[in-house]
Amino acid sequence: MGDHPATLFDARHAETFPTLTERQIARMRSAGHERTLAAGEILFDQGDEGATFCVILEGAIQVVHPDASGEHPVTIHAPGGFTGELNILAGRRSLLRGRALGPTRVLELDRAGLRAVVSSDAEISELLMRAFILRRVGLINASQGDVVLLGSRHSAGTLRVQEFLTRNAHPHVTLDVETDPGAQALLDQFHVAVADIPIVICRGERVLKNPTTPELADCLGLTEAIDPTKIRDVVIVGAGPAGLAAAVYGASEGLDVLVLETTAPGGQAGSSSKIENYLGFPTGISGMALAGRAATQAEKFGADLAIARSATRLDCTKRPYTVELASGESVRARTVVIATGARYHKPDIASLARFEGVGVYYSATAVEARLCGTDEVIVVGGGNSAGQAVVYLARTARKVHVLVRHQLADTMSRYLIRRIEETPNVEVLVQTEVVALEGETGLERVTWENRVTHERVTRPIGHVFMMTGASPNTEWLAGCAAVDEKGFLRAGSDLTPHDLAEAKWPLARAPYHFETSMPGVFAVGDVRATSVKRVASAVGEGSICIQLVHKVLAE
């Protein structure tokens with residue numbers, strides 16, 4: 001077992017740093033090779049790509065977190081211990097540095113070898129996966145990553161970057177240029193100004209000023225280059241619950257799977273603070289935690305997950321299909337699973353765009369909750385996501401005002417309604433909508449109106465969570481697939497004879513369940529017309545869809 005800082009991994013040390021038995025190590029030998037290291041030799045360094053997984057056979061490996069102030073101890077792996085955390089499974093850059101304390105011998109496995117072990121040996125898989133996840137959680141809690149974010153709570157760009165880092169479970173340090181005494185020293189060191197925020201410093205070397213999401217993902221090494229000549233069995237567009245379920249089942253059944261995701265795993269569900277009606281989690285689970293586990297599970301079975309890769313067009317004129325990306329890249333696929341979900345409606349309110357990220361939010365996670373503190377907040381919407389946000393925010397907010405156009409019972413699960421009714425600092429206003437937003441550098445005042453009485457109320461509230469309705473993310477499919485009047489994809493029995501005639505359906509058979517008007521292209525989750533807008537339903541659709549993918553591939 002490893003020596004480690006007392007505050008970092010104490011809670012579940014035995015599971016975070018387990019010792020492999022001789023039998024377990026023997027079962028792994030065929031997947032790797034032995035390697036010897038001299039005293040002081042670096043086994044892996046922060047920023048290294050393709051770091052290997054190593055089991056210590058003799059000697060010891062010291063793991064440290066390097067930053068501008070020096071090295072900070074993380075652990076020491078003794079014989080039977082092993083290196084790595086989630087990045088090693090995903091093939092991403094190392095966050096830490098590891099060196100031999102003395103003459104050391106290790107069993108080294110590359111990424112393919114490690115994946116072969118965790119997908120074939122249940123006992124070792126459980127042990128390694130639990131350790132990898134707990135190590136990542138420890139690094140996040142200790143802010144021991146390779147990124148420093150310089151920003152401000154009054155900057156929408158700062159919130160955007162912070163959400164990206166948090167939802168991708170990337171350990172980082174955030175410094176507020178207005179309140180943190182160490183921020184100015186970093187600004188001076190890297191020759192940047194407050195006007196440049198948000199500023200991201202990667203590995204103490206590369207400085208990004210207000211980076212785009214693809215620039216940030218590239219700096220962090222969150223995605224690999226896509227081979228345009230390779231034809232995938234299935235490309236899954238969207239890493240929400242439906243897309244991740246399809247990835248897990250597809251990869252576990254031997255398909256060559258690539259998942260394309262614009263921001264982070266989880267989709268709209270990833271912004272839910274707590275999901276309490278998902279099977280198997282009686283105490284609830286956050287959408288981000290559920291998505292993180294699912295993404296890790298998919299990668300364990302060999303699926304490739306490309307972050308910050310947005311699909312902009314589907315070439316449906318020939319097969320294999322080609323998915324074109326905003327980066328200029330493209331990927332070819334025998335089948336495509338569309339799991340792009342839906343996004344919240346943006347009400348027609350003057351100044352709405354100006355306050356996005358500085359008072360108006362579309363997620364209710366810990367990031368936004370910290371910005372709100374104990375202030376009063378408004379939640380607009382009556383669906384389950386809105387209900388989960390209300391319950392979560394009410395734990396810290398002085399008061400939560402819930403604005404809905406209809407009764408909660410029309411759109412929200414009963415358990416959430418009951419929780420809201422029993423929370424004393426929650427006020428529900430029906431037939432009410434926001435009509436005005438005001439403020440200088442950020443949101444300061446909100447006016448709402450009762451649609452029946454036309455009475456208006458203005459309150460000094462600086463935080464509004466918009467969770468109203470849903471619009472499908474299907475614009476990139478224009479001219480390819482049949483959609484309903486709201487833009488949701490029709491599939492299976494929802495396709496009309498007119499839809500199939502217009503699409504020139506070329507096969508003698510009818511479309512399979514979840515199959516769109518394009519053969520071999522499936523729609524699952526919220527993007528599909530008539531789908532049940534629940535996480536469990538989306539997961540079910542994604543997993544069932546893979547059985548139909550197999551049928552198409554066999555044709």
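Side chain of Arg135 to backbone of Thr16: a donor-acceptor contact under 3.5 angstrom is found. Asp315 places no side-chain N or O within donor-acceptor distance of the main-chain N or O of Thr322, the cut-off being under 3.5 Å. In this structure, the side chain of Arg528 does not engage the main chain of Thr516 through any donor-acceptor pair within 3.5 Å. Remark: side-chain polar atoms of Asn168 are not paired, donor with acceptor, to backbone N or O of His170 under 3.5 angstrom. One N or O on the side chain of Thr312 and one on the backbone of Glu324 form a donor-acceptor pair closer than 3.5 Å. No donor-acceptor distance shorter than 3.5 angstrom exists from the side chain of Ser517 to the backbone of Asp499, with no hydrogens or angles considered. In this structure, the side chain of Arg334 does not engage the main chain of Val234 through any donor-acceptor pair within 3.5 Å. Checked by atom type and distance alone, the side chain of Glu34 never pairs as donor or acceptor with a backbone atom of Arg105 at under 3.5 Å. Listed for the Arg93 side chain is no donor-acceptor partner under 3.5 Å among the backbone atoms of Gln46. A donor-acceptor pair is defined here as one N or O able to donate and one able to accept, closer than 3.5 Å; such a pair exists between the side chain of Thr21 and the backbone of Gln24.
Between Leu222 and Phe164 the shortest side-chain heavy-atom distance falls below 4.5 Å. At a threshold of 4.5 Å between non-hydrogen side-chain atoms, the residues Leu260 and Ile226 count as touching. Here the side chains of Val63 and Phe44 are in contact, with some heavy-atom distance below 4.5 Å. Residues His77 and Phe17 have side chains in contact (heavy-atom distance under 4.5 Å, counting atoms from C-beta outward). When side chains are defined from C-beta on, Tyr361 does not count as touching Val367, because their heavy atoms never get closer than 4.5 Å. Proximity of Pro241 to Leu290: side-chain heavy atoms (C-beta onward) are nowhere separated by under 4.5 Å. Side-chain contact between Asn277 and Leu416 is absent, with no heavy atoms from C-beta onward closer than 4.5 Å. Contact check for Arg232 versus Asp304: side-chain heavy atoms found under the 4.5 Å cut-off.
Ring geometry, Phe82 versus Phe132: the interplanar angle exceeds 60°, so the pair is classed perpendicular (tilted spans 30 to 60°).
With sequence neighbours left out, Tyr321 forms a ring-ring contact (aromatic ring centres under 6.0 Å, His included) with no residue at all.
Closest non-hydrogen pair, Lys300 versus Met129, comes out as CB-CE, 4.1 Å. Arg92 and Leu305 make their closest contact through NH2-O, 3.8 Å (heavy atoms, listed as atom of the first residue, atom of the second, distance). Heavy atoms only, all atoms of each residue included: Val259 and Ala239 are closest at CG1-CB, 3.9 Å. Pro171 and Ile140 get closest at one heavy-atom pair: CG-CG1, 3.9 Å. Pairing each heavy atom of Val337 with each of Cys545, the nearest pair is CG2-SG, 3.9 Å. Closest of all the heavy-atom pairs between Arg332 and Val235 is O-CG2, 4.3 Å.
Salt bridge absent: Asp526 and Lys533 never bring a charged side-chain N and a carboxylate O closer than 4.0 Å. Contact check on Glu123 versus Arg23 returns no salt bridge, with no Lys/Arg side-chain nitrogen under 4.0 Å from an Asp/Glu carboxylate oxygen. Under 4.0 Å is where a charged nitrogen must lie from a carboxylate oxygen, and between Glu555 and Lys551 no such pair does. A salt bridge does not link Arg203 to Glu49: none of the charged side-chain nitrogens sits closer than 4.0 Å to a carboxylate oxygen. A salt bridge links Asp218 and Arg206; the closest N-O separation between the charged side-chain nitrogens and carboxylate oxygens is under 4.0 Å.
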### Message
Using salt bridge (charged side-chain N to carboxylate O under 4.0 Å, His left out), reason through Lys230 and Glu329 one step at a time and then give a plain yes or no.
### Response
CA-CA 12 Å; Lys230 186 175 184 179; Glu329 300 168 292; over 6 Å; no

Legend entry - Gln388 and Ile275: CA distance, side-chain angles, deciding distance, side chain to side chain contact (heavy atoms under 4.5 Å, CB included) verdict: CA-CA 7 Å; Gln388 290 155 357; Ile275 303 168; 4.1 Å; yes

- Message: Determine whether Tyr362 and Gln268 satisfy the following criterion, side-chain hydrogen bond (donor to acceptor under 3.5 Å, both in side chains), listing intermediate values before the conclusion.
- Response: CA-CA 9 Å; Tyr362 299 95; Gln268 194 178 92; over 6 Å; no

Evaluate side chain to side chain contact (heavy atoms under 4.5 Å, CB included) for Tyr249 paired with Ile544, printing each intermediate quantity in order.
-> CA-CA 9 Å; Tyr249 280 84; Ile544 293 170; over 6 Å; no

*Using the side chain to side chain contact (heavy atoms under 4.5 Å, CB included) rule, take Phe522 and Glu541 through it: C-alpha gap first, then chi angles, then the decisive distance, then the call.*
CA-CA 10 Å; Phe522 298 86; Glu541 291 187 15; over 6 Å; no

Determine, step by step, whether Leu220 and Leu165 satisfy the side chain to side chain contact (heavy atoms under 4.5 Å, CB included) criterion, reporting the C-alpha distance in whole Å, the side-chain angles of both residues, the deciding distance to 0.1 Å, and the verdict. CA-CA 10 Å; Leu220 303 179; Leu165 293 169; 3.5 Å; yes

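Note that CZ of Arg136 and CG of Leu95 are 5.5 Å apart. Values are rounded to the nearest 0.5 Å. Distance check: Arg490 CZ to Thr496 OG1 gives 5.5 Å after rounding to the nearest 0.5 Å. In this structure, CD on Glu515 lies 12.5 Å from CG on Leu489, to the nearest 0.5 angstrom. Rounding to the nearest 0.5 Å places CG of Leu37 at 10.0 Å from CD1 of Ile42.
Atom CD of Glu15 has more than 12 neighbouring heavy atoms from other residues, nucleotides or ligands inside a 6.0 Å radius.
For the residue pair Asn384 / Ser413, a side-chain donor-acceptor distance below 3.5 Å is found, with atom types taken as modelled. Side chains of Glu261 and Thr263: a donor on one and an acceptor on the other come within 3.5 Å. Looking only at atom types and distance, the side chain of Arg160 has a donor-acceptor partner in the side chain of Asn210 under 3.5 Å away.
Of the listed residues (Val521, Asp494, Leu495), just one forms a side chain to side chain contact (heavy atoms under 4.5 Å, CB included) with Pro511, and that residue is Leu495.
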